[in-house]
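Working notes for the structure below.
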Amino acid sequence: MTALTLSTAGAATLRADAVVVGVAKGAKGPVVAPGAEAVDKAFGGKLAAVLETLGATGAEGEATKVPAPAGLKAPVVLAVGLGAVPDKTDAGDAGDGEYAEETLRRAAGVAARVLAGVKKAAFALPVTAAEDVQAIGEGALLGAYAFTAFQAVPKDAKGPLGEATLLGAKPRDKAHKAAAERAVAVAEEINRARDLVNTPPNELNPASFAAVATAAGKEHGVKVQVLDEKALAKGGFGGILGVGVGSEAPPRLVKLSYTHSKAEKSLAFVGKGITYDSGGISLKPAGHNETMKCDMAGAAAVFAAVVTAARLGLRVNVTGWLALAENMPSGSATRPGDVLRMYSGKTVEVLNTDAEGRLVLADALAKASEETPDAIVDVATLTGAMMMALGSRTFGIMSNDDAFRTELHEIAEEVGEPSWPMPLPADLRKGMDSPTADIANMGERMGGGLVAGLFLKEFVGEGITWAHLDIAGPAFNEAGPFGYTPKGGTGSAIRTLVRLAERTADGDLG
Ligand code: BES
Ligand code: MN
Ligand code: ZN
């Protein structure tokens, strides 16, 4: 992976193959952002004018390459757009006249993508605090990501950016060093989750996913326990088994435990891990199943978050539950009309085998509840309805606790992940009434994302604070790359989970 280094060298004197500067949208044209003063000086103070002539406006997502003038060690200058110049008075912005961390993260991501194949790039973007170092570091490492494991003839032979050197960040400053280390841990685990999501479903099944988790757990001091199909049957995990029973590749429930000796709080993360969602007997039509390898993105996010918490040595206990199954139609598959006896003891009438995520999650939520953690958060590519509601970049947050839902929304904002709070209206519950069982796995079509949330709520232990993140939209990017987000698996919700663990460790959580 791309290396991340810090340097106190000047932007003009550092030996690199390219130097990245920021350009913002000013009232009268592009404006060179702080951090690039030395580069602008080498242009005789005319960098903004040069960029404007080349068509640059400073808009977000823009990248403009300029040959470097004499006086710069790097042969190329890459100007990346930062959007509007931050306003000192604008209440909509931070209002402090500084660039938002997410703006820097995205701009660094654009730069890393444009500089694929380049050995070493110096990033002379505006840095005012350690958080900016982390954001730029994350953006560079996430933007440099490419998934080439299944290309015999690499589509992009150039390979990723070799090294990103952040200027304006001080290698001897404790806070800056720690920020860079955090960026590396977070980005490496997000990129590992992206790999898992992008791996085709004939290569990644519940057993091989569990094997990857076991190996990574060993490497980073996370205890890993795997329940195979026999153990699941013995334990009474009717939901996970009912979804996995149609597949040649049997299901797994993986428990990841990270503990800190001085921890005062505990979190449980639960991830939907459908390694392929064909819909089962309620088969999805063509056009709806080509991307369904992404249906384990919740489990990948949980896995990444627990490993990151361990790598950062956070003072909190974090348990991850990966509910892994492949949803396939076959002679042994669960039929619409079957009743499953769930781990919690409740029975579920399966009216639609394509509503499988809530079934595996129900068992994992009930199991996670037994340990009475301070909070449970589940992450799932759960419903097309949530995509209808929020589009493909924003995840929905539902919870049995309004304050916790608000807190998660704030955390997601803080780490640059678009999200929106959604309700769990009690009136939608009756749509899931079943004449045969305690509950059906489907209800009203309208508000389908909330119906799914209400179903999950029934399997959370009494009195436990719980939230549900429906990442069906942002987990998998079917459009072109943007910012630090590649096509395909994105690593959605990982930064939110990690920041929640950080806050909980710091005692900021109720
Ligand atoms: N995995 C899908 C949801 C999904 C759809 C994720 C599109 C990502 C992109 C889920 O298992 C599903 O099929 N949900 C059904 C539920 C319905 C049958 C009640 C849906 O949303 O249509
Ligand atoms: Mn489904
Ligand atoms: Zn699914």
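Note that ligands are numbered from 1 as they come in the structure, with each ligand's atoms numbered from 1 the same way.
Within the protein, the N, O or S atoms lying under 2.8 Å from the Zn ion (ligand 3) are Lys272 NZ, Asp277 OD2, Asp295 OD2, Glu356 OE2.
By the 3.5 Å distance cut-off applied to N or O atoms, Arg358 is not counted among the residues near ligand 1. Where the criterion is an N or O separation shorter than 3.5 Å, residue side chain and backbone included, Thr383 fails it with respect to ligand 1.
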Under 3.5 Å, which donor-acceptor pairs do the side chains of residues 142-149 form with other protein atoms, sequence neighbours left out?
from	atom 1	to	atom 2	distance (Å)
Tyr145	OH	Asp195	N	3.3
Tyr145	OH	Asp195	OD1	2.6
Tyr145	OH	Asn198	ND2	3.1

Do any side-chain atoms of residues 335-346 form donor-acceptor pairs under 3.5 angstrom with protein atoms, and if so which ones, sequence neighbours left out?
from	atom 1	to	atom 2	distance (Å)
Arg335	NE	Asp338	OD1	3.4
Asp338	OD2	Arg335	N	2.8
Tyr343	OH	Lys367	NZ	3.3
Tyr343	OH	Glu370	OE1	3.3
Tyr343	OH	Glu370	OE2	2.6
Ser344	OG	Lys346	N	3.3
Lys346	NZ	Glu458	O	2.9

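Counting only N and O atoms by type, the side chains of Glu189 and Thr308 include no donor and acceptor under 3.5 Å apart. Inspection of the Thr57 and Glu62 side chains reveals an N or O donor paired with an N or O acceptor under 3.5 Å. Looking at Asp438 and Thr347, their side chains do bring a donor and an acceptor atom within 3.5 Å of each other. If you check the side chains of Asn317 and Thr259, you find no donor sitting under 3.5 Å from an acceptor.
Evaluated by nearest non-hydrogen atom to atom 2 (C) of ligand 1, the leading choice among Ile471, Asn327, Thr291, Asp277 is Asp277.
Given atom 20 (C) of ligand 1, the protein heavy atom at minimum distance is Gly384 N, 3.9 Å.
Between His288 and ligand 1 there is no heavy-atom distance shorter than 4.0 Å. Between Arg445 and ligand 1 there is no heavy-atom distance shorter than 4.0 Å. Contact annotation: Glu478 has no heavy atom less than 4.0 Å from any atom of ligand 1. At a 4.0 Å cut-off, at least one heavy atom of Lys284 sits close enough to ligand 1 to count as contact.
Nearby protein atoms of type N, O or S around the Mn ion (ligand 2) amount to 4 (distance under 2.8 Å).
Heavy-atom proximity to Lys272, at under 4.0 Å, picks out these atoms of ligand 1: 1 (N), 10 (C), 11 (O).
Residues Leu141 and Val184 are in side-chain contact: their nearest non-hydrogen atoms beyond the backbone lie under 4.5 Å apart.
Between Arg495 and Glu102, at least one side-chain nitrogen of the basic residue sits less than 4.0 Å from a carboxylate oxygen of the acidic one, meeting the salt-bridge criterion.
Within a 6.0 Å sphere centred on NZ of Lys457, other residues, nucleotides and ligands contribute 12 heavy atoms or fewer.
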